[in-house]
There are 2 protein chains.
Amino acid sequence: MHSFTEENYLKIIYHLSQADTGTVQTNAIANGMNTKAASVTDMLKKLADKQLIDYIKYQGVTLTEKGKATAIKVIRKHRLWEVFLVDKLKFRWDEVHDIAEELEHINSPILVERLDDFLGFPKRDPHGDPIPDRDGNFEPSVNIHLHEMPQGKTGIIIGVSDHSSPFLIHLQKLGLTIGVEIEITGITDYDGSVELLMNTKQLNVSKKVAQHILVNLQETI
Amino acid sequence: MHSFTEENYLKIIYHLSQADTGTVQTNAIANGMNTKAASVTDMLKKLADKQLIDYIKYQGVTLTEKGKATAIKVIRKHRLWEVFLVDKLKFRWDEVHDIAEELEHINSPILVERLDDFLGFPKRDPHGDPIPDRDGNFEPSVNIHLHEMPQGKTGIIIGVSDHSSPFLIHLQKLGLTIGVEIEITGITDYDGSVELLMNTKQLNVSKKVAQHILVNLQETI
DNA sequence: TAAAATTTTTAGATTTATCTAAATTTATAA
DNA sequence: TTATAAATTTAGATAAATCTAAAAATTTTA
Ligand SMILES: [Mn+2]
Ligand SMILES: [Mn+2]
Ligand SMILES: [Mn+2]
Ligand SMILES: [Mn+2]
């Protein structure tokens with residue numbers, strides 16, 4: 001089996017390799033793991049020995065099939081536990097990540113399958129991210145800016161591309177916070193502002209605001 | 001916070017100190033932890049430094065109040081997770097211990113309280129052992145031999161005091177295995193054999209058999 | 001393309017939890 | 001009450017994951 005640390009490295013490498021294609025750099029991993037580049041190099045040698053990554057000195061790494069499957073299994077557990085915490089234990093969406101970060105390392109394949117069943121085989125976690133099935137397959141999440149959303153489809157706010165305080169405070173006031181489900185109902189010709197439905201409430205936000213809200217399009221329910 | 005290893009040591013020391021009163025010996029801990037006496041000595045120094053145990057060289061150890069409270073918190077989590085696995089995820093009673101051994105180390109006080117609530121504040125785990133409440137209080141379990149059980153009360157088989165193969169095979173045939181709930185319905189005057197109800201089934205076992213079955217008396221439901 | 005800046009790796013330590021083998025202390029028994 | 005046995009501790013190593021500082025490789029810039 002793999003240590004917690006190894007699993008966390010594989011997960012970070014997986015996420016980084018999704019972000020931009022190509023190899024993943026040592027410094028990016030160090031940043032994601034909150035550790036130093038030298039420590040990462042040590043671990044990369046170990047993961048390469050175990051055939052979990054392909055590693056060429058100074059050239060960065062890619063996950064092997066085995067490494068990728070391992071990373072996806074951990075991500076599956078993480079997201080299932082998040083669903084459990086929100087759906088069954090009544091946690092808020094913003095409280096569950098750190099606990100899931102621990103629960104994801106519990107090592108019992110049968111537990112994962114039973115949990116999945118208990119939760120009704122959810123397709124998405126509370127943040128709108130897809131949950132891989134037992135074979136590791138999942139519908140990729142489609143993250144776009146709010147102003148590019150097609151009308152009629154619903155989406156979940158998953159982040160912002162402007163992290164300034166004034167912007168975040170504005171969003172807070174509007175109620176447009178991470179996890180909120182929205183639907184575009186129209187675009188105003190005059191100023192490009194976006195009309196949307198938040199729960200049952202009708203809202204109008206400026207084009208500038210819409211351009212900085214990241215939305216996770218819901219492919220299916 | 002305490003490492004998994006430290007928590008496991010505290011738990012073993014707690015259980016050993018319940019078994020027989022007085023101090024707990026190095027070798028007993030080594031045996032319980034599946035490790036060597038030399039390793040235990042190292043850890044005892046560390047736990048003493050942290051004020052979790054009182055330790056006198058060559059004289060064995062006792063838990064401090066702080067150490068005892070920590071051990072009971074771990075035991076509370078262990079038993080709550082076992083209830084979750086059996087009640088919600090449909091595991092059998094004999095499948096849950098090893099998974100709970102991992103889950104007990106998840107560190108989130110609020111998670112424990114939410115889980116307890118979700119499960120309906122159970123008083124006993126699937127093996128009949130008491131679950132400490134959030135303050136660490138619990139009704140001690142009362143383990144007696146089957147032939148000493150008062151009539152009318154129900155109990156759960158928690159062990160045997162004869163570990164020989166012929167005896168265990170005999171019990172297996174009768175269905176009298178660990179975790180099974182039973183109730184004494186009468187004692188036969190003629191040979192001292194015991195009549196009991198197992199689920200809905202009526203059984204008669206010899207006095208010799210009854211003397212070697214350990215039962216956990218259910219104080220409350 | 002050569003110098004400067006950045007990234008990555010190596011070298012050498014540290015911390016935690018182990019181990020084996022040897023020394024020490026305590027308990028048991030002749 | 002000494003000798004023997006058992007339990008416990010110390011000494012010295014090892015493996016995993018980390019660190020800092022220095023060296024090496026790569027990329028960028030002028
Ligand atoms: Mn998460
Ligand atoms: Mn994690
Ligand atoms: Mn258990
Ligand atoms: Mn444990």
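This is a predicted model, so every value here is computed, not measured. Just so it is clear: chains get the letters A, B, ... in the order the sequence lines come, proteins before strands, and each one is counted from 1.
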Can you tell me the distance, in whole Å, between the CD atom of B/Gln59 and the C1' atom of C/dT25?
10 Å
Value in whole Å for how far the C1' atom of C/dT25 lies from CD1 of B/Ile56
15 Å
Which whole-number value in Å describes the distance from A/Met43 CE to D/dA15 P?
16 Å
Pairing of A/Glu95 and A/Lys90 as salt bridge, 4.0 angstrom limit:
no
Give a yes/no on whether any side-chain N or O of A/Lys45 is located under 4.0 angstrom from OP1 or OP2 of C/dT9.
no
Relative to the 5' end of DNA chain D, which residue comes earlier, A/Tyr58 or A/Tyr9, by the nucleotide with the nearest heavy atom?
A/Tyr9
Return the value, rounded to whole Å, for the distance between atom NE2 of B/His2 and atom P of C/dT15.
19 Å
Would you mind writing out the side-chain donor-acceptor pairs for residues 60-72 of chain A within the sub-3.5 Å range, not counting sequence neighbours?
unit_1, atom_1, unit_2, atom_2, d
A/Thr64, OG1, A/Gln51, O, 2.8
A/Thr64, OG1, A/Leu52, O, 3.1
A/Thr64, OG1, A/Lys66, N, 3.4
A/Thr64, OG1, A/Gly67, N, 3.0
A/Lys66, NZ, A/Lys50, O, 2.9
A/Thr70, OG1, A/Lys66, O, 2.8

Given D/dA21, C/dT20, C/dT25, identify the nucleotide with an atom nearest to the side chain of A/Ala38.
D/dA21
Proximity to the side chain of A/Asp42 - top-ranked nucleotide from D/dA11, C/dT9, D/dC19:
D/dC19
Would you please confirm or rule out a distance under 4.0 Å between OP1 or OP2 of D/dT8 and any side-chain N or O of B/Tyr55?
no
Could you go through residues 130-137 of chain A and list every donor-acceptor pair under 3.5 Å that involves a side-chain atom there, pairing it with any protein atom two or more places apart or in another chain?
unit_1, atom_1, unit_2, atom_2, d
A/Asp133, OD1, A/Asp135, N, 2.8
A/Asp133, OD1, A/Gly136, N, 3.0
A/Asp133, OD1, A/Asn137, N, 3.0

Applying side chain to side chain donor-acceptor pair (under 3.5 Å), can you list everything that pairs with B/Glu113, at least two apart in sequence or on another chain?
B/Arg76
Quick one: A/Leu44 CG to C/dT10 C1', roughly how many Å, whole number?
14 Å
Main-chain N/O of A/Asn31 paired with A/Thr35 side-chain donor or acceptor, under 3.5 Å:
no
Going by the rule side-chain contact (heavy atoms from CB on, under 4.5 Å), which residues pair with A/Tyr58 if we only count those two or more places apart in sequence or in a different chain?
none
Where the side chain of A/Thr41 is concerned, which of D/dT18, C/dT8, D/dA21 is the nearest nucleotide?
C/dT8
According to ring pair (Phe, Tyr, Trp, His ring centres under 6.0 Å), does anything in residues 124-144 of chain B pair up with another residue at least two apart or in another chain? List the pairs.
B/Trp93-B/His127
Under 4.0 angstrom, heavy atoms only, what part of the nucleic acid is A/Ser39 near: base, sugar-phosphate, or nothing?
base
Residues within residues 25-37 of chain B bordering DNA chain D, heavy-atom distance below 4.0 Å:
B/Gln25, B/Thr26, B/Asn27, B/Ala37
Could you give the NZ-to-C1' distance, from A/Lys57 to C/dT10, as a whole number of Å?
8 Å
